[in-house]
Amino acid sequence: MTKPSIPRGTRDFSPVVMAKRKYILEAIEKVYRTYGFMPLETPAMENLSTLTGKYGDEGDQLVFRILNSGDFLKEVPVEKKDEATGNYKSLTPHISEKGLRYDLTVPLARYVVMNQNEVDFPFKRYQIQPVWRADRPQKGRYREFWQCDADVLGTDSLLCEADFIQIYHAVFKAIGLKDYEIRINHRKLLEAVVEKANASAHFKTITVIIDKTDKIGIDGVAKELAQLGLGGEQVNIILSLLAKTPFSMDLINQLSDKLKGSKLAEKAIHDLTELFQLTGKGNQKVFFDGSLARGLDYYTGCIFEVVPTSVKMGSISGGGRYDDLTGVFGLKGISGIGISFGIDRIYDVLEELQAFPKDNAIFTDVLFCPMDDKAIAYSIPLANALRGENIRTEIYPQASKLKKQLDYANTKNIRWAAIVGENEMQNNSVMLKHLTSGKQELVDKDKISIFID
RNA sequence: GUAGUCAUAGCUCAGCUGGUUAGAGCAUCGGUUUGUGGUACCGAGGGUCGUGGGUUCGAGCCCCAUUGAUUACCCCA
């Protein structure tokens, strides 16, 4: 017999853990719905032609591939079979045509393009599903994890950006997370600065480097930029952007002065100004962060990231605007913006702050404890009546010793036990015991629900 | 892909410079108590010490390999 195990980087979620995860997921979903986002689900597997080439070379390596069913070797040309040893990459396209979804954004783009005649723009959808990546798991990083995306496609209105900032506030309020910071930046501002530093050829690498500012510090960034071959003056221009300051009109004006004459900067300043006007004041938790870059290179406008401030943890949400997500599938000119919550990290944050509600671990309100088989039959209609009033009720399935039944109630954090024996049945009642206080009372069988809080 | 750490009961871990029959707590089950729990007491089940090889009179402990877990780097959520 083999020892049971699950693939590395995957997890089981116990009932207690699931209750907490649901608490977060339902809060997010509820907020999304209040802003008019509609649910969308897509298959776990996509055709590889949909997935490959969208995430860069590294990303393509991380896509889980699904082996073709049946005689998967029959399509392989003979010469490939011969060279298969040590040359699996040339073999892969012949034996695998499908892969597991790598994120929710590409499937969204695929869906919109396939259904462009039915989709009404602006198209607001949310999607909460697992995604899979074939990389090395480590802390806070899994091969199967959940993304909670919301996107708006088909409008370049800055109201979307403003909405998402409000959504952040609403979600974190709903789950009781008080200490967080929303960081924003603009991709075109980054481009403008890199352009001013005369280093546009290295733009992509530079964004990766400055995105690490939190981790390696300003000095570390300077060092890596120098290693890239940039001169002192170039490095200084880029470093001058990295400060994090409260999001304000003053700040926007400063940026505007600093980058005068740049077309790219003009657009960015315009966006930030409008966003500021739409979000209004009272946003102490919103910061402009020049070091925020986000690795994904499809972002072209405002970008966001949310970081908890009272717990040492990476970003718990991110997002941004992209000009041309559906272009790769042949539908041009659709601007969009999206955000995504990292449920696993939010879970860890709430756990560390002990911010989950205590009654989250309670799954049953009342346990009927029958003393004999007749008592089981007696309990069924009573239990159903309680369930009809939305009281979570179960009947202990055997007329076991009372000690055993109460032990069961204790381990499940059940607060009420309805004990049913000869006496109770004769009196048309149950012995209702409150398990946290130990008090009990003979209660009429039709009036149980009155006592349940 | 690179590097470090770890692997003993279902879980968390003890196990001395290598020495007789590998232990504890928790969890599970039974009992003390024919219908009153969370505490206490008694008892039971559960291990080829990740796997394979080597050194040795003797290996849970030392050496090599291998597999798995975990952490950091790359990249990412």
Side-chain angles (χ1 to χ4, degrees), chain A residues 1-12 14 55-63 101-105 128-149 204-205 207-209 211-212 215-216 220 224 293-297 304-308 313-320 338-349 367-372 374-375 396 399-426 430-442:
Chain A
M1 200 177 72
T2 51
K3 249 190 177 173
S5 63
I6 56 176
R8 68 154 65 171
T10 66
R11 298 156 291 167
D12 288 322
S14 69
Y55 309 107
D57 284 347
E58 294 233 23
D60 282 356
Q61 297 297 314
L62 298 182
V63 171
R101 99 165 78 77
Y102 179 89
D103 69 1
L104 301 179
T105 310
I128 300 175
Q129 287 191 278
V131 302
W132 294 270
R133 294 187 189 176
D135 67 353
R136 293 272 172 98
Q138 50 186 273
K139 194 179 175 62
R141 197 161 157 192
Y142 305 94
R143 301 212 294 183
E144 177 186 65
F145 61 97
W146 272 251
Q147 290 192 331
C148 314
D149 282 23
K204 218 169 145 181
T205 318
T207 57
V208 172
I209 294 173
D211 210 30
K212 288 193 281 192
K215 211 189 268 180
I216 61 178
E224 291 203 18
R294 309 236 81 216
L296 296 168
D297 47 347
F304 307 112
E305 202 161 273
V306 182
V307 176
M313 176 81 63
S315 69
I316 51 177
S317 179
I339 61 167
S340 182
F341 287 92
I343 161 100
D344 298 292
R345 284 184 177 174
I346 293 175
Y347 181 99
D348 291 343
V349 170
L367 176 73
F368 278 82
C369 303
M371 301 318 302
D372 55 44
K374 251 163 62 189
Y396 196 86
S400 313
K401 281 187 177 178
L402 189 54
K403 170 180 162 49
K404 203 174 165 173
Q405 303 195 36
L406 292 178
D407 274 343
Y408 174 79
N410 284 328
T411 53
K412 275 191 82 173
N413 288 318
I414 299 173
R415 287 162 305 159
W416 295 94
I419 302 164
V420 179
E422 286 286 329
N423 236 336
E424 288 80 6
M425 287 190 276
Q426 269 171 26
V430 302
M431 184 61 79
L432 190 62
K433 185 180 179 73
H434 188 240
L435 290 172
T436 37
S437 67
K439 285 180 187 156
Q440 63 181 38
E441 197 178 340
L442 200 65

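So that the names make sense, note that chain A is the first sequence line, chain B the second, and so on, each numbered from 1.
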**Prompt:** Under 3.5 Å, side chain of A:D211 to main-chain N/O of A:T207, donor-acceptor pair present?
**Reply:** no

**Request:** Find the distance A:I339:CD1 to B:A77:C1' and express it as a whole number of Å.
**Result:** 14 Å

**Prompt:** Who does B:G18 pair with, Watson-Crick or G-U, both distances under 3.5 Å?
**Reply:** none

**Asked** Which whole-number value in Å describes the distance from A:I209 CD1 to B:C75 C1'?
**Response** 14 Å

**Request:** In whole angstrom, give the distance that lies between atom CD of A:Q405 and atom P of B:G37.
**Result:** 13 Å

**Message:** Within the 4.0 Å heavy-atom criterion, would you say A:G59 contacts the bases, only the backbone, or no part of the nucleic acid?
**Reply:** nothing

**Asked** At under 4.0 Å between heavy atoms, what does A:D407 touch on the DNA or RNA strands: base, sugar-phosphate, or nothing?
**Response** sugar-phosphate

**Non-hydrogen side-chain atoms of A:E422 and A:M371 separated by less than 4.5 Å** = no

**Asked** Which part of the nucleic acid does A:K212 contact within heavy-atom distance under 4.0 Å: base, sugar-phosphate only, or nothing?
**Response** sugar-phosphate

**Complete:** Taking a pair to mean Watson-Crick or G-U wobble geometry with both distances below 3.5 Å, B:A44 pairs with B:U28

**Prompt:** Are the side chain of A:Q405 and the backbone N or O of A:S400 linked by a donor-acceptor pair below 3.5 Å?
**Reply:** yes

**Asked** Rounding to the closest angstrom, what is the interatomic distance between B:C49 and B:C13 at atom C1'?
**Response** 13 Å

**Message:** For the CD atom of A:Q147 and the CD1 atom of A:I128, what is their distance to the nearest 0.5 Å?
**Reply:** 11.5 Å

**Request:** Provide the distance between the two P atoms, one in B:A40 and one in B:C26, to the nearest whole Å.
**Result:** 8 Å

**Prompt:** Just checking A:S315: base, sugar-phosphate only, or nothing, at a heavy-atom cut-off of under 4.0 Å?
**Reply:** sugar-phosphate

**Message:** In whole Å, I'd like the distance from the CG atom of A:D135 to the P atom of B:U2.
**Reply:** 15 Å

**Prompt:** Can you give one letter per nucleotide of nucleotides 26-35 of chain B, going 5' to 3': B for a protein heavy atom under 4.0 Å from the base, S for sugar-phosphate only, - for none?
**Reply:** ----SS---B

**Request:** May I ask which nucleotide in the shown strands pairs with B:G23, Watson-Crick or G-U wobble, both distances under 3.5 Å?
**Result:** B:C13

**Asked** Say you pick atom P in B:G18 and the same atom in B:C57; how far apart are they, in whole Å?
**Response** 16 Å

**Request:** Searching all strands shown, indicate the nucleotide that pairs with B:U51 (Watson-Crick or G-U wobble; both distances under 3.5 Å).
**Result:** B:A65

**Message:** Need one value for A:Y142: base, sugar-phosphate or nothing, where a base atom within 4.0 Å counts as base even if backbone is also close, heavy atoms only.
**Reply:** base

**Asked** Roughly how far apart, to the nearest Å, are B:G52 and B:U67 at atom C1'?
**Response** 10 Å

**Asked** When rounded to the nearest Å, what value does the distance between C1' atoms of B:G46 and B:U39 take?
**Response** 26 Å

**Asked** Just how far, in rounded Å, is C1' of B:A77 from OH of A:Y55?
**Response** 13 Å

**Request:** Using the P atom on both, measure B:G19 against B:G23 and round to a whole Å.
**Result:** 14 Å

**Message:** Measure NZ/A:K433 against P/B:G38 and give the value in whole Å, please.
**Reply:** 10 Å

**Prompt:** Would you say the side chain of A:L442 lies within less than 4.5 Å of the side chain of A:M431, judging by non-hydrogen atoms?
**Reply:** yes

**Asked** Which pair of non-hydrogen atoms, one from A:I6 and one from A:D12, has the smallest distance, and what is that distance?
**Response** CD1-N, 4.0 Å

**Spacing of A:I414 atom CD1 relative to B:U36 atom C1', expressed in whole Å** = 16 Å

**Asked** Is a side-chain N or O of A:S317 found less than 3.5 angstrom from the main chain of A:S340, in a donor-acceptor match?
**Response** yes

**Message:** Tell me which nucleotide, if any, is Watson-Crick or G-U wobble paired with B:U56 when both distances must be under 3.5 Å.
**Reply:** none

**Request:** Show the numbers, then the answer: is there a side chain to side chain contact (heavy atoms under 4.5 Å, CB included) between A:L367 and A:K412?
**Result:** CA-CA 10 Å; A:L367 176 73; A:K412 275 191 82 173; over 6 Å; no

**Prompt:** For nucleotides 66-72 of chain B, read 5' to 3', which letter fits each nucleotide if B means a protein heavy atom sits under 4.0 Å from the base, S means only the sugar-phosphate is that close, and - means neither?
**Reply:** ---S-SS

**Message:** Partner lookup for B:A3, please. Criteria are Watson-Crick or G-U wobble with both distances under 3.5 angstrom; report none if nothing qualifies.
**Reply:** B:U71

**Prompt:** How far, in whole Å, is B:U2 from B:U48 if one measures between their C1' atoms?
**Reply:** 36 Å

**Request:** With P as the reference atom in both, quote the distance from B:G68 to B:C74 in angstrom, rounded to an integer.
**Result:** 25 Å

**Heavy-atom side-chain proximity of A:I346 to A:F341 below 4.5 angstrom** = yes

**Asked** Mind checking whether A:D344 and A:R141 have side chains closer than 4.5 Å, heavy atoms only?
**Response** no

**Asked** Which heavy atom in A:R345 sits nearest to a heavy atom in A:S315, and how many Å separate them?
**Response** NH1-O, 3.0 Å

**Asked** For A:L62 and B:G1, what is the distance between atoms CG and C1' respectively, to the nearest whole Å?
**Response** 11 Å

**4.5 Å side-chain heavy-atom contact, A:H434 and A:L432** = no

**Opposite nucleotide pairing with B:G38, Watson-Crick or G-U, both atom distances under 3.5 Å** = none

